Each structure stands twice: as C-alpha cells, then as structure tokens.
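What follows is a short report on a single structure.
Given the structure is predicted, the values throughout are model-derived calculations rather than measurements.
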Amino acid sequence: MDLMGKQFIGYGRSSEGTATFQTMDPSTGQALPGTFYAASPKEADQAMQLASAAFEAYKNAGGISRAAFLNAIADEILALGNALIQRAMAETALPQARLEGERGRTVGQLRLFAHYLEEGSWVEARIDPALPDRQPLPRADIRNMLTPLGPVVVFGASNFPLAFSTAGGDTASALAAGCPVVFKAHPAHAGTCDLVARAIVAAAQRTGMPEGVFSLLFDPGHETGSTLTQHPLTRAVAFTGSQKGGMALYHLAQQRMEPIPVFAEMGSINPVILFPEALQQRSAALATQLAASVILGVGQFCTNPGLILAIESPELNDFLEQLGTAIEVSAPGVMLSAGIRENFSALAAEMLEQKGVEVVGKSKSQTNEHQAAPLIGKVSAARFLENPRLHEEVFGPFSLMVTCKDVRELSQIIQALPGQLTGTLMAEPSEIENYEGIVSLLRNKVGRLVFNGVPTGVEVGHAMQHGGPFPATTDSRFTSVGTAAIRRFVRPVAYQDFPDALLPDALKRNNPLNIWRLTNGEWSKS
C-alpha cells in the first residue's frame with residue numbers, strides 16, 4: 001500500500017512543508033519505503049481551524065451517530081488487513097502476534113466506546129426539580145450534564161503503534177466525548193499512522209461526520225507539537241511518553257493566555273512487593289512470573305515492574321538466585337527504535353554504576369547492535385533511600401531488587417517513591433491482613449493495586465484505572481484506559497429554569513433517551 005506522506009487535514013491531503021523524513025526498521029537500521037513531509041505552521045493552523053469549525057456540529061451529532069462513527073473506524077481498520085500489521089512490524093520490530101492482538105484491542109475499545117455512547121448514561125445527568133413552595137426560599141429547577149470541551153490534540157505513543165496511537169484510547173475517548181481530534185503522528189511509526197488515519201477519514205466520510213472531525217500531522221521533531229499545544233483553538237492535550245516530553249507540553253499549556261489541561265502519562269517503575277509467606281511457598285514460581293513480566297515486549301510497557309521490594313530472608317536469597325537464572329537464559333530483543341535502545345543501554349549502565357548496586361542476572365545470549373539484553377540489579381534499602389537516582393525509570397527490560405532489613409525500611413521506601421501507575425502485592429491471603437500499613441502506604445502512591453498478579457497487561461473496560469499520582473500522570477483523577485477516559489474531555493454544564501424544549505435530550509423531563517439520571521439524589525430512568 002503506497003504511502004503519500006502528506007498531512008491529513010480534514011478530508012484533504014497537504015504537503016506544504018519542505019522538510020522530509022523516513023521511518024527506520026529498528027532490527028536493521030535501514031530506512032523503510034515512504035517519505036513523510038513535516039507539517040508547516042500553516043498546515044497546523046488549518047487543521048485546528050477545521051477542527052474548531054467541526055466542533056459545533058459534531059458535539060450535537062448525538063451518541064448514536066458518534067457510535068456509528070466509532071464502529072465504522074473499527075471496520076475500516078480491519079479492512080486494512082495484513083498491510084497494517086506488516087508495516088507496523090517493520091517500523092517497531094514487534095512480532096506479528098503482538099500487533100494482531102493490539103489491533104484487536106484497538107478495535108475492541110472503539111466498539112466499547114460506541115456501546116457506551118449508545119446506552120447514553122455516561123453524561124451523568126443530574127436533576128434537582130424546582131421546589132417553588134420550599135421555605136424559607138424556593139428552589140430553582142437545575143439540571144446538569146457533561147458536555148465536550150472542544151478540539152483535542154493527541155500525541156501518539158512510541159510503544160503501542162496501534163492501541164495508544166492514531167485510533168487508540170486517547171483518540172477514541174475524545175471522539176466519543178464529542179471532541180474533534182488533531183493527531184500528532186509518532187515519527188517512529190509514521191507509516192502505520194498514515195494507514196490508520198486513512199481508515200478514520202474513510203469512516204468519517206462514510207458516516208457523514210463534519211470535515212475536520214479528525215486530522216493528522218507529521219513531524220520528526222517537536223515544533224508541530226508545540227504549535228498545536230499553544231494554538232488558541234486547542235482545548236485539551238493527551239500525551240503518553242517520557243516525563244520530559246509530558247512536562248514540556250504541560251508547561252507550554254500553562255503559559256498560554258488561556259491555560260488548558262494536559263493529560264500526560266509519563267512513566268512509572270510499578271513497585272512489586274514480595275511478602276514473606278509468599279516467598280516461602282512459591283519463590284520459584286514468583287521468579288518465573290516476574291522475569292516474564294520484566295522482559296515482556298522487551299520491557300517496553302508503561303507497567304513494566306521496574307522495582308521489586310522484599311524483606312531479607314533465606315527465601316529471598318533463593319528467589320534472587322532463581323530470578324537471576326531466569327533472566328540469564330532469557331533472549332535479548334530488538335527495541336522500538338535505535339534511540340530507545342541507546343537510552344536504555346545508557347540508563348541501565350548508569351544504574352549499575354551507582355554505589356551499592358550489584359547484578360542479579362543478565363541475559364547471557366549474544367546481542368547485536370540492534371538488541372537489548374534483559375538485566376536485574378540489586379541494592380540495599382539504605383542505599384536506595386539515599387540515592388534518588390535509583391528511584392527513576394529505566395525504560396526497557398530492567399528491574400531493580402531492593403532488599404529491606406525489616407518492615408520499617410520497606411515502609412520508608414514506599415513513602416519515598418514518587419507516584420506510580422501500579423503497585424503489586426505478592427502475598428498469601430492469610431498474611432496480607434498483617435500488613436495493612438504497607439497496603440495503605442502503597443495505595444497512596446498508585447492508581448491500580450494488583451494482588452498476586454503482574455502489572456503488565458491493562459484490561460480495557462469500565463473499571464480500569466490507568467493513571468496515578470504525579471509524575472506517573474499529570475492528573476491522578478483520570479484514566480487513559482477504559483470508558484472513564486472520556487471524562488478527561490468533558491466539563492459539567494448546569495441549566496437553570498430552562499424551558500423543556502431548549503434542554504438537551506439527556507435533561508428533558510420525559511427522558512427521551514431513557515438513560516439513568518440522578519434525580520433528587522436517586523438514580524432512576526423516570
């Protein structure tokens with residue numbers, strides 16, 4: 001499938017910029033077919049102008065129409081067939097099975113949001129009917145519901161070329177909310193982005209969506225992203241990537257004449273706590289389980305278990321030996337890009353240079369210049385507490401084991417940690433009640449608590465929380481995965497004493513949408 005490499009601006013294509021770039025095969029370092037044009041400031045403005053013009057019609061299209069659009073996107077992505085998978089494989093070095101699964105997740109979350117819109121109660125309608133005879137003062141009729149913010153700028157993530165990219169969770173939730181999307185393609189998999197953008201545009205045209213409901217811009221650098229974030233018509237930004245990148249966008253957004261929210265997921269080391277009885281009962285199984293999680297996807301998951309905590313014991317010594325062996329026999333892997341691999345190598349080496357850090361296990365397989373070797377380090381709690389550098393993420397197949405003398409040191413470590421996406425408790429059910437203080441401390445630091453599982457693997461559903469205290473995300477009240485992600489792109493609006501004919505359908509007295517509404521403090525459909 002030929003790639004034009006031009007910007008998607010509404011229903012048109014444009015290539016006014018003079019700078020070009022290509023994507024690379026990370027397993028060979030060779031350039032891939034297709035030349036992509038960097039967007040010009042004029043093209044970025046055109047995309048935002050079209051998105052703003054589309055907003056009024058799109059937000060009023062209704063849940064059923066927007067659901068049809070999301071389902072059509074899912075259909076069009078599937079219609080791309082194997083060409084999409086092959087291009088994504090070439091640009092990311094991810095295996096076919098992983099990308100087919102990721103395509104399924106992408107399509108699944110689009111359909112999940114479509115169903116969510118069809119049911120309709122997500123608008124959280126709240127109604128306090130008028131009480132004209134109330135004493136000492138009457139009460140006005142007040143009705144409240146969520147309404148979309150406006151055009152949203154979405155940045156593609158490096159590690160999920162489909163599920164956190166062009167039609168991924170950020171785009172799906174923003175479109176579901178009623179917000180047009182201007183997408184900044186990730187330069188490492190621009191070809192994959194191009195193909196999926198075609199699917200979205202085709203779906204928009206097929207379902208009669210206003211032009212400008214979706215646009216996509218290419219740029220190998222940061223200029224276009226900065227321009228979009230600072231554009232006066234942008235109402236919110238969604239980003240998944242490094243803390244440096246997320247905070248740069250956050251500061252740009254706060255420096256605007258009208259500050260806007262930036263929902264950035266920026267990294268996490270996802271602590272795993274091994275409790276004594278669990279180590280006594282199943283240290284070998286835990287070593288196998290954690291090793292597999294550390295090396296899954298060459299460690300390129302935001303939920304990679306980058307920190308393992310436990311109290312010193314003979315069983316912990318056994319676990320460390322077993323974990324080291326599991327890592328030593330593991331295979332190296334090609335990372336998503338040369339830049340990511342180089343960064344991993346530098347950060348892992350820097351970790352091992354820190355005072356008191358030892359190697360527990362490193363893959364003994366020979367690596368080439370395009371591969372990264374899995375690695376586990378170990379350090380005492382005292383060294384960890386005195387060195388904040390050890391608290392930082394190493395993106396890739398790396399984890400640091402911290403050994404604690406007692407529960408007090410374990411508590412100190414948890415308190416010293418910055419915010420995380422997840423925290424995992426490996427414990428026997430009979431012992432966990434003895435560590436309520438540890439569980440409480442960990443809950444203060446994370447968005448998701450996992451019991452006797454691994455943090456890698458994030459279910460897309462209604463209850464998932466994929467977000468955590470800073471710096472895991474810029475706002476821990478929200479999630480970037482699951483239907484609750486829609487709340488990032490809406491705001492509440494109250495209507496006081498409005499005539500019924502002028503109210504949105506969700507707030508009308510006869511409830512024509514038959515949705516659940518909080519009326520006088522009780523949920524009902526009446």
Side-chain angles (χ1 to χ4, degrees), residues 63-80 84-85 88 94 97-122 148 152 154-181 183 185-186 189 192-193 195-204 207 209 213-214 216 236 238-240 263 265 297 301-303 421-422 447-448 455-467 473 478-490:
I64 300 300
S65 295
R66 295 206 297 271
F69 176 33
L70 296 181
N71 277 321
I73 295 173
D75 293 339
E76 294 288 347
I77 289 173
L78 292 175
L80 292 171
L84 175 63
I85 301 299
L94 293 172
R98 152 72 191 271
L99 287 167
E100 287 176 345
E102 195 177 323
R103 179 178 59 186
R105 171 175 168 162
T106 304
V107 167
Q109 62 193 5
L110 286 164
R111 298 204 192 283
L112 179 68
F113 274 109
H115 179 73
Y116 200 45
L117 294 178
E118 290 167 345
E119 193 282 327
S121 300
W122 73 272
V152 173
V154 175
F155 288 77
S158 64
N159 57 339
F160 281 86
L162 299 175
F164 274 85
S165 190
T166 318
D170 290 338
T171 297
S173 54
L175 291 176
C179 299
V181 168
F183 186 83
H186 197 285
H189 43 80
T192 304
C193 293
L195 294 176
V196 177
R198 298 184 195 191
I200 297 174
V201 171
T207 55
M209 294 296 107
V213 71
F214 177 84
L216 180 144
F239 170 85
T240 298
F263 301 104
E265 180 200 317
F301 285 83
C302 48
T303 50
L421 292 172
T422 74
R448 175 165 58 109
T456 42
V458 182
E459 180 67 27
V460 180
H462 302 293
M464 178 51 64
Q465 176 62 27
H466 192 62
T473 60
F478 298 97
T479 178
S480 62
V481 174
T483 53
I486 200 172
R487 292 177 182 156
R488 297 173 296 172
F489 308 120
V490 292

Evaluate Leu421 against Cys302 for side-chain contact (heavy atoms from CB on, under 4.5 Å), listing each step before the verdict. CA-CA 8 Å; Leu421 292 172; Cys302 48; 3.9 Å; yes

Given the rule in the side-chain contact (heavy atoms from CB on, under 4.5 Å) test, do Phe478 and Thr473 qualify, once you have shown the distances and angles that lead to the verdict? CA-CA 9 Å; Phe478 298 97; Thr473 60; over 6 Å; no

Which is it for Thr240 and Phe160 under the side-chain contact (heavy atoms from CB on, under 4.5 Å) test, yes or no, and what are the steps along the way? CA-CA 10 Å; Thr240 298; Phe160 281 86; over 6 Å; no

If you apply the rule side-chain contact (heavy atoms from CB on, under 4.5 Å), what do you find for Trp122 with Thr483, and how did you get there? CA-CA 9 Å; Trp122 73 272; Thr483 53; over 6 Å; no

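Summarising the geometry of Ala172 relative to Ala167, their closest heavy-atom pair is CB-O, 4.5 Å, with the distance given to 0.1 Å. Closest of all the heavy-atom pairs between Ser173 and Gly169 is OG-O, 2.7 Å. Counting all heavy atoms, side chain and backbone alike, Phe113 lies closest to Gly482 at CZ-O, 3.4 Å. Listed here is the closest heavy atom pair of Thr166 and Ala197: CG2-N, 3.9 Å. Closest approach of Ile77 to Arg103, counting heavy atoms only: CG2-CG, 4.1 Å. Among all heavy-atom pairs drawn from Thr303 and Gly457, the shortest one is OG1-N, 4.0 Å.
Glu102 places a side-chain N or O within donor-acceptor distance of the main-chain N or O of Ala163, the cut-off being under 3.5 Å. A donor-acceptor pair under 3.5 Å links the side-chain atoms of Arg488 to the main chain of Ala485, judged by distance alone. Not one N or O on the side chain of Arg198 forms a donor-acceptor pair closer than 3.5 Å with the backbone of Leu80. Listed for the Thr479 side chain is a donor-acceptor partner under 3.5 Å among the backbone atoms of His466.
By the 4.5 Å heavy-atom criterion applied to side chains, Val107 and Arg111 are counted as neighbours. Using a 4.5 Å heavy-atom cutoff, the side chains of Met209 and Phe214 are not in contact. With contacts defined as side-chain heavy-atom distances shorter than 4.5 Å, the pair Phe155/Asp170 does not qualify. Using a 4.5 Å cut-off on side-chain heavy atoms (C-beta onward), Phe301 and Pro455 make no contact.
Results of the side chain to side chain contact (heavy atoms under 4.5 Å, CB included) test with His186 over Pro161, Ser165, Ser158 single out Ser158 as the only residue that passes.
Rounding to the nearest 0.5 angstrom, the gap separating the NE2 atom in His462 from the NE2 atom in His115 is 6.0 Å. In this structure, Leu94 CG and Leu99 CG are separated by 5.0 Å, a value rounded to the nearest 0.5 Å. To the nearest 0.5 Å, atom CG of residue Asn71 and atom OG1 of residue Thr207 are 10.0 Å apart. Residue Glu76 holds its CD atom at 12.0 Å from CG of Leu110, rounded to the nearest 0.5 Å. To the nearest 0.5 angstrom, Thr106 atom OG1 is 11.5 Å from Ile73 atom CD1. Once rounded to the nearest 0.5 Å, the distance linking CD1 of Ile200 with CZ of Phe183 reads 8.0 Å.
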